[in-house]
There are 2 protein chains.
Amino acid sequence: MTELTKISIVEDNEFARNALSDLLSQEKDFVLLGSYDSCETAFDETDFLNSDVVLVDINLPGINGIVGTEKIKNKNPKVNVIMLTINDDDENVFAALKAGAVGYLLKSEEPGKVIDSVREVLNGGSPMSPYIARKVLKSFHSFDVKSREYDELNEMETKILNLLSEGKSYNKIADEIFLSSHGVKYHIRNIYLKLRVNTKSEAISKGHKFRIIKK
Amino acid sequence: MTELTKISIVEDNEFARNALSDLLSQEKDFVLLGSYDSCETAFDETDFLNSDVVLVDINLPGINGIVGTEKIKNKNPKVNVIMLTINDDDENVFAALKAGAVGYLLKSEEPGKVIDSVREVLNGGSPMSPYIARKVLKSFHSFDVKSREYDELNEMETKILNLLSEGKSYNKIADEIFLSSHGVKYHIRNIYLKLRVNTKSEAISKGHKFRIIKK
DNA sequence: AATAGAACTACCCAGTTGGGTAGTGTGGTT
DNA sequence: AACCACACTACCCAACTGGGTAGTTCTATT
């Protein structure tokens, strides 16, 4: 493991960029491939996409950090992007994660945390500022209050709900699971009863919310 | 902040339970309310639900940790549950988070991490073992490869897709947004085009996957 | 002035869906 | 033997859906 970890920085604020550069350069096993003030200039550098870890600011002139992250991941999925930002609003956080960021740090974090985070990423972790981590976890249990206002689906029902969610009609599903369309309908009625809904749309929505629908 | 943090433990393995108890008792600002070998015995203790933080093992005889967590959160949502487990398979992780756990630690974690995690929870964070954190983040960008195989919806389309997901018919939606049902249909056709689908079911599924549908 | 696009309204039509109701067979209880 | 729940088949019917096609108005572009 004598390999150096290649790091790049995309941050438009010169002061912050230099501070990060200095910080990371001090680590003997890190090598700073480059630091850029925008995604555009970063992409001009062919070596940029060979980075192991890229720290990307979210607020950038031109292509913002979220779109930039998307582009990076599309061009080379192996690059690990850590989002570095002052924004902690839902929209940005989830958009960034959705774009493919593997970590999300608030700039209010102390500098040492950045080093730790890079190492955490290299070890297969996903560093998040505590506040972000909580936000992310909360997105999983948004239903804790009104939760379990439905009955558990059995295997057949789960299967059928999943097929429904793929846009298949009663008839197609019937073919697929060797039942008559009436049989499918029978199960769907039970699904609706258990989920307390009366349309396919609601059933699919609840299916996703309660993670009954895979994929 | 001279308040003591009340902690409880639910762990069936006696050795592990005692180790945790000893560990946590050494912190001056923590007070161990109780340690139990099952959810059942824990719930017998009325004070249990007054805990600030509860460490729950996932594999428990009788009521398992996930169902137990659900029960805890239903009875007192203020209790912060940290899941403590050897299981790192998807099903368990997501089920636990869904149940309302605010942290998820693998037992392979070093002991000091438990103390840190309790403090992190108290500070509004969500401690997760690195491996778990990565898993959780990944669940947000499972589409990074095939990503953006759809066009962005505009405001009206987003609104309509959300209404569709609630099981509303073209007519109901039309009433709600002051359009004719034909107008609604016009937008829905565009939604299907942009999402590259041709049924409501698929549209709703994609809407959830890409987080276009709120709630 | 002509063109093009969006944001609608509108009609046709086959196919799908949801609800109601009813019947069959099988297996398990009492 | 009587009863029941469950998984299914079956039919009716009104409402809804998706696709195709077409017309209107408004606004922006050329």
Side-chain angles (χ1 to χ4, degrees), chain A residues 67 143 146 148-215, chain B residues 146 148-215:
Chain A
V67 177
F143 332 98
K146 56 171 182 178
R148 211 35 148 272
E149 60 192 0
Y150 69 98
D151 297 322
E152 216 63 58
L153 302 192
N154 64 32
E155 202 175 325
M156 182 62 113
E157 289 157 356
T158 303
K159 166 131 207 172
I160 289 179
L161 182 55
N162 274 275
L163 291 171
L164 269 187
S165 79
E166 293 166 22
K168 292 180 172 140
S169 69
Y170 293 11
N171 278 317
K172 263 199 208 87
I173 295 175
D175 284 355
E176 214 156 310
I177 60 175
F178 308 110
L179 267 188
S180 74
S181 66
H182 306 294
V184 173
K185 198 174 179 179
Y186 162 75
H187 289 296
I188 288 177
R189 277 198 280 229
N190 288 333
I191 292 171
Y192 291 3
L193 276 175
K194 288 185 174 181
L195 297 185
R196 322 242 202 281
V197 299
N198 38 26
T199 63
K200 220 188 324 185
S201 305
E202 292 172 280
I204 292 175
S205 282
K206 286 216 173 183
H208 280 285
K209 285 183 199 168
F210 299 126
R211 288 166 204 276
I212 301 165
I213 295 174
K214 281 87 179 162
K215 284 201 319 177
Chain B
K146 56 169 181 179
R148 211 39 145 271
E149 61 193 358
Y150 69 98
D151 298 320
E152 216 63 58
L153 301 192
N154 64 32
E155 204 176 323
M156 182 61 114
E157 289 157 356
T158 303
K159 168 134 207 169
I160 289 179
L161 181 55
N162 273 275
L163 291 170
L164 268 186
S165 80
E166 293 166 21
K168 292 180 173 139
S169 69
Y170 293 9
N171 278 316
K172 264 201 206 84
I173 294 175
D175 284 356
E176 215 156 307
I177 60 176
F178 308 111
L179 269 188
S180 74
S181 66
H182 306 293
V184 173
K185 197 174 178 178
Y186 162 75
H187 289 296
I188 289 177
R189 276 197 280 228
N190 288 334
I191 292 172
Y192 291 3
L193 276 176
K194 288 184 174 181
L195 297 185
R196 322 242 202 281
V197 300
N198 39 26
T199 63
K200 221 189 324 187
S201 304
E202 292 173 280
I204 292 175
S205 283
K206 285 216 172 183
H208 280 285
K209 285 184 200 167
F210 298 128
R211 290 168 204 273
I212 301 166
I213 295 173
K214 281 88 180 161
K215 285 199 326 180

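In the text below, chain A, chain B and the rest are named by the order of the sequence lines, each starting its count at 1.
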Q: Look at the side chain of A:Tyr192 and the backbone N and O of A:Lys200, then say whether any donor-acceptor pair between them is shorter than 3.5 Å.
A: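 Yes: the side chain of A:Tyr192 pairs with the backbone of A:Lys200.
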(Q) Closer than 3.5 angstrom, by distance alone: can the side chain of B:Glu157 be matched with the main-chain N or O of B:Asn154 as a donor-acceptor pair? (A)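 Pair found, side chain donor or acceptor close to backbone of B:Asn154.
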Would you kindly give the [atom1]-to-[atom2] distance between [X] and [N], to the nearest whole Å?
X: A:Asn198; N: D:dA15; atom1: CG; atom2: P; answer: 16 Å
X: B:Lys172; N: D:dA15; atom1: NZ; atom2: P; answer: 13 Å
X: B:Ile191; N: D:dG19; atom1: CD1; atom2: C1'; answer: 16 Å
X: A:Ile173; N: C:dG18; atom1: CD1; atom2: P; answer: 10 Å
X: B:Leu161; N: D:dT17; atom1: CG; atom2: P; answer: 14 Å

Please determine, for the side chain of [X], which listed nucleotide ([options]) has the closest atom?
X: A:Ile188; options: C:dG20, C:dG18, C:dT9; result: C:dG18
X: B:Thr199; options: C:dG19, D:dG18, D:dC8; result: D:dG18
X: B:Met156; options: C:dG20, C:dC8, C:dG18; result: C:dC8
X: A:Ser169; options: D:dC8, C:dT16, C:dG18; result: C:dT16
X: B:Tyr170; options: C:dG18, D:dG18, D:dA10; result: D:dG18

Q.
Over all strands shown, is A:Lys185 touching base, sugar-phosphate only, or nothing at heavy-atom distances under 4.0 angstrom?
A.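 If one applies the 4.0 Å heavy-atom cut-off, A:Lys185 turns out to touch a base.
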Q: Give B:Asn154 one of three labels, base, sugar-phosphate or nothing, depending on what nucleic acid heavy atoms sit under 4.0 Å from its own.
A: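 Sugar-phosphate: the residue B:Asn154, judged by heavy atoms under 4.0 Å, touches backbone atoms but no base.
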Q: May I ask you to verify whether the side chain of A:Arg189 and the base of C:dT21 hold a donor-acceptor pair under 3.5 Å?
A: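 Indeed, a donor on one side and an acceptor on the other fall under 3.5 Å apart.
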Q) Hey, which of these two, B:His182 or A:Val197, hits DNA chain C nearer its 5' end, going by closest nucleotide? A)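 Nearer the 5' end of the strand: B:His182.
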Q: Using the side chain to side chain contact (heavy atoms under 4.5 Å, CB included) rule, take A:Ile212 and A:Leu195 through it: C-alpha gap first, then chi angles, then the decisive distance, then the call.
A: CA-CA 11 Å; A:Ile212 301 165; A:Leu195 297 185; 3.9 Å; yes
Using a cut-off of strictly less than 4.0 Å, decide whether [X] has a side-chain nitrogen or oxygen near OP1 or OP2 of [N].
X: B:His187; N: C:dA7; answer: no
X: A:Tyr186; N: D:dT9; answer: no
X: A:Tyr192; N: C:dG19; answer: no
X: B:Asn171; N: D:dC16; answer: yes

(Q) Any heavy-atom pair between the side chains of B:Ser205 and B:His208 that's under 4.5 Å? (A)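 They are not in contact (no side-chain heavy atoms under 4.5 Å apart), so the answer is no.
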Q.
Do the side chains of A:Lys194 and A:Glu152 get close enough for a salt bridge, i.e. N-O under 4.0 angstrom?
A.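 Salt bridge flag = no for A:Glu152 with A:Lys194.
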